[in-house]
Amino acid sequence: MLIDCPWCGPRSVEEFTYRGDGTLKRPALSDRSIDAANAYVYDRENPAGDHMEIWHHGNGCRSHILVKRNTLTHKILSCELLGPYSAGRKK
Amino acid sequence: MARYSAFEVIKNAFTGNKGWQPAWRKPEPKKSYDVIIVGGGGHGLSTAYYLASVHKITNVAIVEKGWLGSGNIGRNTTIVRSNYLLPENTRFYEKSMQLWRTLSHELNYNVMFSPRGVLNLAHTPGQMDLFAERGNAMRLMGGDAELLDRDQVARLNPGLDVSGNARFPIEGGLLQPSAGSARHDAVAWGFARGADLLGVDILENCEVTGFLREGDNIVGVETNRGEIRAEKTGVAVAGSTSRVMRLAGINNLPIESHVLQAFVSESLKPVIPNVVTFGNGHLYASQSDKGGLVFGGSLDGYNTYAQRGNLPLVEEVMSEFTAMYPAFARLRLLRSWGGVMDMSMDGSPIITKGPLPGMYLNAGWCYGGFKATPASGWCFAHTIANDAPHEINAPFSLERYKQGRPIDELGAGPTPGYH
Amino acid sequence: MSGYRISSPDAEGRINPTKLLNFTFNGRTYSGLEGDTLASALLANGVGVLGRSFKYHRPRGIFSAGSEEPNALVTLRQGGRSEPNVKATEIELFDGLIAKSQNCWPSLKFDLMAINQLAGNALSAGFYYKTFMGPNVFFNRTTEVWWQFEKIIRRAAGLGKASLEADPDIYERMHAWCDVLVVGGGPAGLIAGERAADSGAKVILCEQMAKTGGSLVGSKDIIDDMAGNEWAKACIDRLRDHENVRILTRTTVQSYYDDNLLHAIEHVADHKIKPDAFEPRQRSWKIRAKSVIIATGAFERPLVFSGNDRPGIMLADAARRYAVEYGVLPGKLISIFTNNDTAYHAARAMADCGANIKTIIDVRQQVSGEIRAVAASMGAELLVGDAISRTSGLQKISAIHVGHFNADSKLVAPSTHRIETDCLLVSGGWSPAIHLTSQFGGTPIWDKELQAFLPGKPLQNWHGAGAMAGKFGLANTLLSANDAAKSALKSIGIKPKKLKPPLVISEDVSVQPAPIYEIRRKIKKGKSFVDLQHDVTSEDVRLAHREGFISVEHLKRYTTLGMATDQGKTSNVTGLAIMAEARGEAIEDVGTTRFRPPFTPVALGAIAGESYGDLKPYRLSPMNDWHITRGANMYANGLWMRPETYNRSGETVEQAYIREAGAVRKSVGLVDVSTLGKIDVQGPDAGEFLNRIYSNGFAKLPIGKARYGLMLREDGFLFDDGTTWRLEENHYLMTTTTANAGPVMEHLEYILDVVWPELKVSLVSVTDQWAGIALAGPNSRKTLEACVRGTDMGDKAFPFMGVRDGEIADIPVKIARLSFSGEMAFEVFCGAMHGQALWDVLMEAGKAFDITPYGLEALSTLRIEKGHVAGPELNGRTNANDLGLGGMVSTKKPFIGSVLVRREALNEEGREQLVGLRSLDGQKISGGSHIVASADQVQPGESLGHVTSACFSPELNCYISLGLLKNGRARIGEKLHVTSPVRGTHGAVEIVSPHMVDPDGRRMYG
Amino acid sequence: MVEKTSPLDGLLKSGHHGRPANSDAPADLKISHRTCESLVQVTAWPKTGKGIVTTLEKMTHLSLEGGNSSPANEDFTIMPTGPGKYLIEAQSGDAIGQFQKKVLAEKGAVTDLTHARVVIRISGDQAMWVLAKGIAIDFSLQAFPVATSRNSAHHQIGLTIRRVNENAFDLFVFTSLARSFWHWLDRAAKEVGYEIVREIK
C-alpha cells in the first residue's frame, strides 16, 4: 500500500505502523465513568468498507495520519495530518 | 451411506468408483429448525455435529453463504497444539487435543491428525525461563511438555542454524510431543459428513441478510433463500463476525478483522519432521504429507476483509524462515494466500450465550481457530443446548474485557493486532 | 522421443550455433549450445524421459517450453547451491551444468514406486480420507494407526530433495519507481514500451527470457517490411538507448500488490555456474508503477484422452518454439491432434525447419479450405472429425489409435487405425495469462468464442495488451498494445505522442477452438490425465462430482488438481470444463479458483533479500568493544547486545555474577546502562503531560530532581517504569526500560498527536545521544569525588534522587543519584561519543576501591535482592497493586489508565501478588518454576503462582527469587515449594517480603 | 573539548572495495564518514512557529521556504524532518548554546543530537542505485531534488538523507545502529565497487 503522508508525500506502507481505529474519542480527563472508558478501550466498529484509521509515520516524519481506507479493496480515499499541525486545528 | 474403510476403497476400485455417495446432502431449507448455526466453517460444522451426536438435537441447519469450508478452515497452516500458559486456555485446548485424538474414528473420516510434536525455539536464557514457566504450567495441568537444550533441538530438526553465530542463536526449545497437525479440509468434510448423517441440514450458498426478531429475541434469519426461523441461533463466522452481528443491531464488539498470510513451498522429500516456531518473531512451519512446507508469520497489521496481504509481511516471514533454516534460501515459494482473522482484545476466544436473547456467539479466534475446532464445537453445542456455557468455556465471556478479566496470553494489552 | 538438432540451426533464434556447452544429466555428459534451455539441449540429445509423476510414478517427458511445464522437473547443481523442482524449460544452459531427475528410485528407468499404477482406481482422488483409520475397536480408538502409515506415505511423497547445507549465494532487494511498467517483452510489450518512452514516460520493461522478442523470435512475419525478428531486435536496441527506459531481462513479474506495487525477481546469475564476486544470485525488484501494461501472452492447453501422458506428447506451440528458436525437432515421425487452427501453423513452421509432419487429426467436424491447404503444403495426412482413442508405447509414445469422433456424445468410436509416431503434438485452445490481474481480486470473465477466461474489470491502474487480453494474432496484438499504451499514458496525465501503428504482414490465424476438452471412450481403457504432475484424471473430477465436491474450491482440494508446481497453468480450465459437463452447467457458472502470488515459484532467499543472513540490525552501546575485549559474552536484549558477565578464566556464569554482585555490595562496581530508552521531553506543557501519563504525581517535581514513575496502559495494567529527571523549567529527560523504549515513544507520540494535540510538548529520542554508566556500591560516591569537578557530591548538596551537571576529565556529564541495586549509586550520562573515555576515567578513579565492571546477570541479582521489579514482573498481565506499587497510583489526579485501574476485578481476592522466595534446602530456584504447596515432586498439585526472576544472593548467601503468588502478601512467612517438572527440580522455600536486602533503603538515602 | 569517537572509526579502510574497477567503466562511487561538530533538533509549535523560523534564518543566514527544502552554507545545514521540526548541523562546536538561548526565547524546544548521529557521505553516479537497494524512496532528481532532505529508513534503521548535489547524499544514521547500517551499505556498494575516501567536500 502507498500512504500519502501529508508532510512527506506518498510513501510505502513499510515506513508506517498501524495505530488502529481513528473514530475513537478518549473521554475527557474529568470523566471518571468506567463504562465510557471501557467503550473507548474495547469497542470497535470494525466495518467491512470505508474505515477511518490512524497510521504513524514511524520511519518518516513521525507524525500521525488519519487515513480513510476501504477494508474490502484497500483503496485509500483520504489522508489527513493529526496533531498540533493538523489542518483541522486552529493554527 | 457405506462406512469408509480400506475394504470399501478396494471394493469400489473394482467397480470404477461408481458406488460412492455424496459426502453430504444438499437439501432445500426448511421453514424452521430447533437451532440455526450461521457459518459453515470448521466451528459451525463441529457445533452442529456435537449438537446432534452429544445432545441429540438433530433438527439443526447450518447456513453458509458460500461453499462449506471455504473460509479459514480451508486456508490455515493446520497446526494443532495446546501449549498455552494461562489455565483457561490450557484447559480449553487440552479438551480439543482429547477430541482430536479420537476424531477420525468418531467421524469415520481420516482427518490425518498427526502427533508429530510442536517445538518452540528459544534464543536467550530469559526466553528459556519463560518457556519453562509455560511448560511447567502445562505439566501441572496434566499436559506434556519438555524443555530441550540446543543439541536436542539440533538432533530433532536437522538444518536449523544451531551454529551459535546466527543473529538470534538457538538456546533451546519447548517441545509438546503430543501436538502436531491435521488435514484442514478433511476436518471440514469429516464434520460435515458426520453432521449430515445425523440429520443436520447443510445449506450452502445461503447467505444471511438479516435476523428475524420478536422484540429483543432473535427468532431466526433472513437469507437469499428465504426466511428460516429457529428458537436458537448460533453465530460462528470468525472474520465476518462484526459484519454479521451488525445485521442484528450489534455495532460494536471487542474484535478487529485482520489478514493473516500463509505460504506453501514446492513439494519436497521430508525435511521438517514436526512443527517448529521461531522464537524472535512470529513464524511457524511444518511440512504437509504431500511434501510442501506450510508456514506463516505475523498479521499484516491493519483491518481488512480482503483475504490478501501485502509484500512487507511476506519479506519479514521469508527473512525469519531463512534465518532459521539458511539451507532453505534456495527452496521456492509455490503459493501464498490470506485469511481474515477475528482478532480479540486479549488474544483469546469468545464462546458465550447472547449478546441478545435467543442468540449465541462464537468468535475472537485470532490465529488459533483451527486447533480449537473440535473443542469450540463441543463447548458451543453445550452452551446452545443448555442455554448456559460449560465450565471450560465460561471464562470466554463477552463481558470479561469490561470486567477487567482479560485472558491475555502474551500480555500485549487491548490492541487486537498485537496478539 | 527421438529429438535431434537440425543440421544448420539459424542464428536468428535464441541459440548461438557456434558456442558448445557441456552439461551432465543423471551422470551422463551431453553437449548443447549457448542459449539452449536444459530442455532444448536434452531434446537435441534425444533424451525423452526426465522424471516420474507424483502418485503413479508414470514416466514424464518435456511437455512445454516455458513456466507452464508440469513434467520436466530436475534437481540442479550440488551442495549448498543444489535446488530441487527446477523446470528444465526454465534453466538457461551453462558450461558445467549438473542436473539429475527426482522422485524416482532406484533409477529413472526402473522406478519401484511405479507399482502404484497397479492399485489403479484404489488410489483415485481422496482415497486417503476414507482409510488408514484402522478398525474402530475399543483399544484402537485413537488415530495412532494413521500416524504409523503417515511416516511411510511422507517418505514416498514429495518431489525433489532439499539440501541441508547453507546457501552460499547472496540476494538483494531493489526499489524502483516508474510511470509505466511493461510486463512482457514480446511484440505487444515492445510496442507499448516504445510508445510510452517516446511520449516521455519513465518506463521499466520486464521480460522472463534472456532475450526479448517473444513469439517474434525466429518468426517469418513482416513488420514495417522487416522480418519480425529484425524488427524486435531494432526495437529493443532503440529502447536500450532511451535514457528513461530500463530493460530487465531474465526477470519475472511475480506479484501485484496494492497501489501498483509489483514484485519482480531478476535472475542475475542463474545462467552461470555461480555468481561473480560480489554479484547477487537474484535481485528482488519492488517496482512502484503509476500505470502497468500487462502483455504476458497466453498458455496453450492440451486435450484430454486416454494415455495422454506418455513422454513424446508435447504442446504444439512448444514444439514450434523448439524448432524455430532452438533448432531442435522433437521427433522424426510427428503427428498432431488439435481442435483449432493454430496447431496447423505451428506444424507449418516446423516443417519449414525440416520436420516430418506425418498426420494431423482434427476433432472438429469440418475445417476451412485454407487450413486444408496448409496441411497439404506439408504433405501431412489430414483426418477431420476423428480423435485419438488411446496411445501406446513403453517408456515413450510409439503409436496412436484413431477413431471417428461423435460431436454429440463426445465419444470416440473404437479405433479404426493405428498410426506410428514418436512425437504427438496436442493443442486444445489457449488460456490468456491473466494471473497478475486476478491476484488482488479481479474476477475473470468467460469468453465463449475463445473458450477462455479474459481479465476482469481493472481494480487498479493496469491496461491489458495482446493475447493476455484475448487479442490473438500479430496485427491484433500490436493494435491492442498501441491502445494500451495510449490509455496508460492518459491515465497518468502524459500526452501520448502521435505514433503510426506498424504495417504488419502475417497470416491471420483463427484461435477459436471447438468447445471440446476431453475425448471419452464408451468402454474405459487406460487413464486420461488432466493434471500431469499430480496424476489427476478426468475420472477423478467426475468422482469428486459424485461425492458432492462440486464447487471449484472443493474440486481443487479434493483432487489436488492445479496444486502442483505448475499451479494448473495448462490444466485448470480443462478441469473446470469437465466439472461443468458433469454438473450439466456452463463453465462460467462453475466459477474459477483465485490466482494467487507468485506467478511462478520464487526462491525464499530472494524475497528475504539482504536480510538473508542479517535478520535484524544490532544496536551497540558506545562501550561495546571494551566489553568484548574484557571477555564478556554478549547476548541479545531486544536489538541491543549487552554483556551478561565478565568471566575471569575458568569462571562459570554463576560464579562470575556472584563475584561481580558481591564487589558492588562490598565496594563499588560500574555497569553500562546506555541501552536504557531516553526521551528528551520539552515544551510549556511538558509538566502537565508527564502528570497525565504517569500514575504517580509529577506536577510538583522540582528542577534538579529525578522521580521514579509508573506508566499504565489505558486498561489500567502496568506498561513501563523508569525515572524522569527535571533538567530545567520545561525540559525533562525521561528514561524507560530497554525493551519498551520503542513502544513507550510510540505510546507518548500517539497521545500528543491524537488524544491531546493541544498540549505543546516535543518528544525527541535521545537514546543514542547519551552514554550511561551506573556506579553502585558504598564507595561509589568516593569514586566520583575523585574525578568530578563542578558539583558538590555531599548528601546535603546532592541528595538522593538529585540531578546535577558536572565535568569529569573535561567531559560534560549529568549525574543522577538514583539506585536500581539498592546501594548508594549514581547514573552518569555523557555524550555517547565520549562514553568510552568516561568509562576509562571512572575505571581509573575506582582502582583504589577495586572497582569491578558488572554485567546484566549481576545487575539482575542486585535488583532481585532489593525487590525492584523489571521485565519479567511487568509481563503485561500485572497491575501496580499486584506488585505492591499500589501507593504510586494517584487517586487525586486523572491520568492514562486512571479510570480502568479502579475496576474491581483488578484488585479482587486471589490475584497473584509480588513476593520474595528464599530457598530452604540450598537448592537452586530454577527460572520458570511454579509455586506449589506439596513437597511431593511427582504429584506437585495445583500451581499457586510462579517464579519470575531467580538468582543466588551473595548478600544473603542463598538462592532467592521474586515471584507472583495468589494472595502473596497474605502468605509472607509460609513454607511452600517451587517445582519445575520440565527441569526436574523441586525444592522447599519460604515466602518473604520481596525487599530482601536493605528494605528501608538506608544505603541509598545515605 | 574531548575528542569524539565514532562506532565506525577504524571500520572504513581507505582504498578500493568490492567489484574491481574495470578500465572502461571505472567506479566513481566514493564513500566517506564524518562525525559532525554539532547537530541540534529545533521544534516549533504552530503559534510560535513563524517567530522561530525567522530566528533560525537570522542565525544561519539561510532562507527556509518550507516543505522539504534543505538550505545549507559554509556554517549551517537545515533539514526539515517533520511538521515544525528542523535538524540543524552547525560546523562550530558550541552552536548548541546559541540555539538554546535564541530559540527558547521564542518558546521553541532545542535538543542536542550531536552524539546521536553519524554522517556517511556517498557520491558518484551509482550512489542512487546503491541507496535504492535498501531505502524505499524515489531517488530520481524530480522526486528528490538537490538541497532537499528526506526521512526514511533501511531495515527499520531510521535515517535522514540530504541530497548534497546531483549524485551525492549525506546520510544521518543513528549512532547505535551505525555499524549495522554500514554492514549493509558496504555489502550493497561492493556489488558496484567503491572507494573509501577521507573527506569529500
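Since the structure is predicted, the reported quantities are computational estimates derived from the model, not experimental observations.
- For His545(C), no part lies near chain B; criterion is any non-hydrogen pair under 4.5 Å.
- No donor-acceptor contact under 3.5 angstrom links the side chains of Arg75(B) and Ser70(B), judged on distance only.
- If you check the side chains of His946(C) and Glu133(B), you find a donor sitting under 3.5 Å from an acceptor.
- If you measure heavy-atom distances from Arg139(B) to chain C, the contacts under 4.5 Å come from the side chain alone.
- Interface remark: Phe440(C) contributes backbone and side-chain atoms alike to the contact with chain B (heavy atom separation under 4.5 Å).
- For chain B, no part of Ile265(C) is nearby; none of its heavy atoms comes within less than 4.5 Å.
- With a threshold of 4.5 angstrom between heavy atoms, Leu410(B) approaches chain C through N, CA, C or O but not through any side-chain atom.
- At a 4.5 Å heavy-atom cutoff, the contact between Glu204(B) and chain C is made by side-chain atoms alone.
- Heavy atoms from other residues, nucleotides or ligands lying under 6.0 Å from NZ of Lys269(B) number more than 12.
- With a 4.5 angstrom heavy-atom cutoff, Arg546(C) touches chain B via backbone and side-chain atoms both.
- For Pro273(B), the part sitting under 4.5 Å from any heavy atom of chain C is the backbone (N, CA, C, O) and nothing else.
- Within the 4.5 angstrom heavy-atom criterion, no atom of Thr878(C) approaches chain B.
- Of the N and O atoms on the side chains of Asp346(B) and Tyr401(B), at least one donor lies less than 3.5 Å from an acceptor on the other residue.
- Both tests do not hold together for Arg308(B) against Tyr257(C): distance to the six-membered ring centre under 6.0 Å, angle to the ring axis within 45°.
- Side-chain contact, Ser178(B) with Asp144(B): a donor N or O sits under 3.5 Å from an acceptor N or O.
- Of the two parts of Lys26(B), only the side chain, counted from C-beta on, holds a non-hydrogen atom closer than 4.5 Å to a non-hydrogen atom of chain C.
- Residues passing the ring-ring contact (aromatic ring centres under 6.0 Å, His included) test with Phe295(B) are Phe263(B), Phe321(B), sequence neighbours excluded.
- The part of Arg281(C) that comes within reach of chain B is its side chain, from C-beta onward, which places non-hydrogen atoms under 4.5 angstrom from that chain.
- Heavy atoms closer than 4.5 Å to chain C are found in both the backbone and the side chain of Met128(B).
- In this structure, the portions of Ile607(C) lying under 4.5 Å from any heavy atom of chain B include both its backbone and its side chain.
- Only the side chain of Arg77(C) comes within contact range of chain B, judged by heavy atoms closer than 4.5 Å.
- A ring-centre distance under 6.0 Å is not found for Trp147(C) and Phe132(C).
- Contact of Asn85(C) with chain B is made through backbone and side chain together, with heavy-atom distances under 4.5 Å.
- With a threshold of 4.5 angstrom between heavy atoms, Lys286(C) approaches chain B through side-chain atoms but not through N, CA, C or O.
- In summary, the side chains of Asn108(B) and Arg193(B) do present a donor paired with an acceptor at a separation below 3.5 Å, with no hydrogens or angles considered.
- At a 4.5 Å heavy-atom cutoff, the contact between Phe549(C) and chain B is made by side-chain atoms alone.
- Note: Thr565(C) leads Leu874(C), Thr565(C), Asn103(C), Ile153(C) in heavy-atom pairs under 4.5 Å with chain B.
- In this structure, the portion of Glu539(C) lying under 4.5 Å from any heavy atom of chain B is its side chain and not its backbone.
- For chain C, the nearby part of Asp185(B) is the side chain; its heavy atoms alone come within less than 4.5 Å.
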Quiz item: Run the side-chain contact (heavy atoms from CB on, under 4.5 Å) check on His419(B) and Met345(B) step by step: do they pass?
Solution: CA-CA 8 Å; His419(B) 295 292; Met345(B) 280 293 172; 5.7 Å; no
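- The distance from atom OG of Ser929(C) to atom CZ of Arg983(C), rounded to the nearest 0.5 Å, is 7.5 Å.
- The candidate from Glu553(C), Glu165(C), Lys524(C) with the greatest count of non-hydrogen atom pairs under 4.5 Å with chain B is Glu165(C).
- Residues Asp300(B) and Asn310(B) have side chains that never bring a donor and an acceptor to within less than 3.5 angstrom of each other.
- Between chain B and the options Ser255(C), Gly158(C), Gly876(C), the largest number of non-hydrogen pairs under 4.5 Å is found for Gly158(C).
- Contact of Gln567(C) with chain B is made through the side chain alone, with heavy-atom distances under 4.5 Å.
- Listed by chain and number, the residues in a ring-ring contact (aromatic ring centres under 6.0 Å, His included) with Tyr129(C) are Tyr109(B), Trp189(B), Tyr558(C) (sequence neighbours excluded).
- In this structure, no portion of Glu714(C) lies under 4.5 Å from any heavy atom of chain B.
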